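If you're wondering where the values come from, they're calculated on a predicted model, not measured in any experiment. Below, chain A is the first sequence line, B the second, and so on; all start at residue 1.
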2 protein chains.
Amino acid sequence: MDTDQVSGRWDATKGACPTRQVLGRIGDTWTMLVISTLESRGTLRSGELKAAIEGITQKMLTQTLRHLERDGVVRRDVVPTVPVTVTYTLTPLGVSLSAAVATMRTWAYTHMDEIVAARNEFDEGH
Amino acid sequence: MDTDQVSGRWDATKGACPTRQVLGRIGDTWTMLVISTLESRGTLRSGELKAAIEGITQKMLTQTLRHLERDGVVRRDVVPTVPVTVTYTLTPLGVSLSAAVATMRTWAYTHMDEIVAARNEFDEGH
DNA sequence: CAGGATCCCATATGATACTG
DNA sequence: CAGTATCATATGGGATCCTG
């Protein structure tokens, strides 16, 4: 089995199927939110992103942005003002990804009612 | 802020925006894999699912299936044979979701190369 | 202001053994 | 075979303080 030798935990970003690596990243709690925010509001500064994404902490925001930057989904620009200004922008790759994410969001909106209904029914019977 | 009072941890399945609830569920490590498997192979028994999804444990499979069943994405059928036979099938809601998931998978396949290239470049410079 | 460094806990998840 | 219960552990993520 493809488990991490040290932790014994299965790493969703590994595995033979390359798709999993990407899906694992997308599955991160904040990734979709950051991408969606940058998609709808364009280039943003770190502070603006933090304010726009309810509940995200500085740590998680930075971490998520680093991942996305590494994957070539987000571009980080530093303007040497005082204090320094840092902005984040979706790359072309990021834009194409945001389209896929939008599909998921749309699906979610469209079917929320059905899901809520199903949950209520399920919770009743059990 | 919308944090869990006890754990202090932010719950991605809560929050005002209903979309997050769904995205949070989709973001689970195994959810997409289970949905994709059921989509491509049709109705399956528990054991078949476990064999098809490399790396999943009995526990995680059951847990994921329960979530999906609750959300009305998967239907669980029990045939009272001895020993009991349990099968899982995507509901119409699940089928529509699998389409959205397929979009993500397609995107992942299409852009894997770019992502890998971006990672290599990023890792070099830093 | 951007973000790095710490400390710390709850939870996610693996492993294993058990029940009907 | 399907599923549950239990134990152990690493990781995710919050809260804070610190620096250029």
Side-chain angles (χ1 to χ4, degrees), chain A residues 1-15 20 24-25 27-31 33-34 43-70 74-89 126, chain B residues 1-15 20 24-25 27-31 33-34 43-70 74-89 126:
Chain A
M1 191 188 298
D2 190 7
T3 48
D4 182 313
Q5 279 197 318
V6 177
S7 69
R9 185 175 200 166
W10 197 81
D11 189 340
T13 65
K14 291 177 184 168
R20 291 198 191 181
R25 172 75 49 243
D28 278 356
T29 309
W30 307 106
T31 298
L33 292 170
V34 169
T43 299
L44 289 178
R45 300 185 55 179
S46 173
E48 295 172 319
L49 268 171
K50 184 151 183 293
I53 302 174
E54 185 195 3
I56 198 169
T57 59
Q58 177 86 47
K59 182 182 177 179
M60 286 301 97
L61 176 60
T62 300
Q63 198 176 96
T64 303
L65 286 170
R66 283 291 165 285
H67 284 320
L68 294 177
E69 187 191 354
R70 189 169 100 98
V74 159
R75 182 163 44 81
R76 179 175 185 270
D77 294 305
V78 180
V79 183
T81 51
V82 178
V84 74
T85 302
V86 182
T87 62
Y88 295 93
T89 311
H126 308 72
Chain B
M1 194 188 296
D2 190 5
T3 49
D4 182 314
Q5 279 197 319
V6 177
S7 69
R9 184 174 203 167
W10 197 79
D11 188 340
T13 64
K14 292 178 183 166
R20 290 197 191 182
R25 171 74 51 240
D28 279 356
T29 308
W30 307 105
T31 298
L33 293 171
V34 169
T43 298
L44 289 178
R45 299 186 55 178
S46 173
E48 295 173 320
L49 268 171
K50 183 153 183 291
I53 302 174
E54 184 193 4
I56 198 168
T57 58
Q58 176 88 46
K59 182 180 177 180
M60 285 301 96
L61 176 60
T62 301
Q63 196 176 96
T64 303
L65 286 169
R66 283 290 167 285
H67 285 320
L68 294 177
E69 188 191 355
R70 188 169 100 99
V74 160
R75 182 163 44 81
R76 179 176 185 269
D77 293 305
V78 180
V79 182
T81 50
V82 179
V84 74
T85 302
V86 182
T87 62
Y88 293 93
T89 311
H126 307 72

Distance-minimising heavy-atom pair for [X] and [Y]:
| X | Y | value |
| --- | --- | --- |
| B:W30 | B:T64 | CB-OG1, 3.7 Å |
| B:R66 | B:Y88 | NH1-OH, 3.7 Å |
| A:K50 | A:T57 | CE-C, 4.0 Å |
| A:V84 | A:P80 | CG2-CA, 4.5 Å |

Nearest-neighbour nucleotide for the A:R76 side chain, C:dG14, C:dG3, D:dC1 considered: C:dG3
Proximity to the side chain of B:R66 - top-ranked nucleotide from C:dA2, D:dG3, C:dT13: D:dG3
Whole-Å gap separating [atom2] ([N]) and [atom1] ([X]):
| X | N | atom1 | atom2 | result |
| --- | --- | --- | --- | --- |
| B:Q58 | D:dG3 | CD | P | 7 Å |
| A:L61 | D:dA15 | CG | C1' | 16 Å |
| B:I53 | C:dT13 | CD1 | C1' | 15 Å |
| B:L49 | D:dA2 | CG | P | 10 Å |
| A:L44 | C:dG3 | CG | P | 13 Å |
| A:Q63 | D:dT11 | CD | C1' | 10 Å |
| B:K50 | D:dG3 | NZ | P | 12 Å |
| B:L65 | D:dT4 | CG | C1' | 15 Å |

Between protein and nucleotides 5-8 of chain C, what N or O pairs are separated by less than 3.5 Å?
none

I want to check one thing: is the phosphate of [N], taken as OP1 and OP2, less than 4.0 Å away from some side-chain N or O of [X]?
| X | N | result |
| --- | --- | --- |
| B:T57 | C:dT13 | no |
| A:S46 | C:dG3 | yes |
| A:R45 | C:dC1 | no |

A:R76 side chain near A:V74 side chain, heavy-atom distance below 4.5 Å: no
For B:A52, side chain to side chain contact (heavy atoms under 4.5 Å, CB included) partners two or more places apart: B:T37, B:R41
Audit row: A:L49, A:L61, side chain to side chain contact (heavy atoms under 4.5 Å, CB included) steps and yes/no: CA-CA 8 Å; A:L49 268 171; A:L61 176 60; 4.2 Å; yes
Rounded distance [0.5 Å steps], CG in B:L68 versus CD in B:Q63: 11.0 Å
Value rounded to 0.5 Å, distance of CG in A:L65 from CZ in A:R70: 14.5 Å
Toward the 5' end of DNA chain D, by each residue's nearest nucleotide, B:G47 or A:M60: B:G47
Close approaches to DNA chain C from residues 80-89 of chain B, in residue order (heavy atom, under 4.0 Å): none
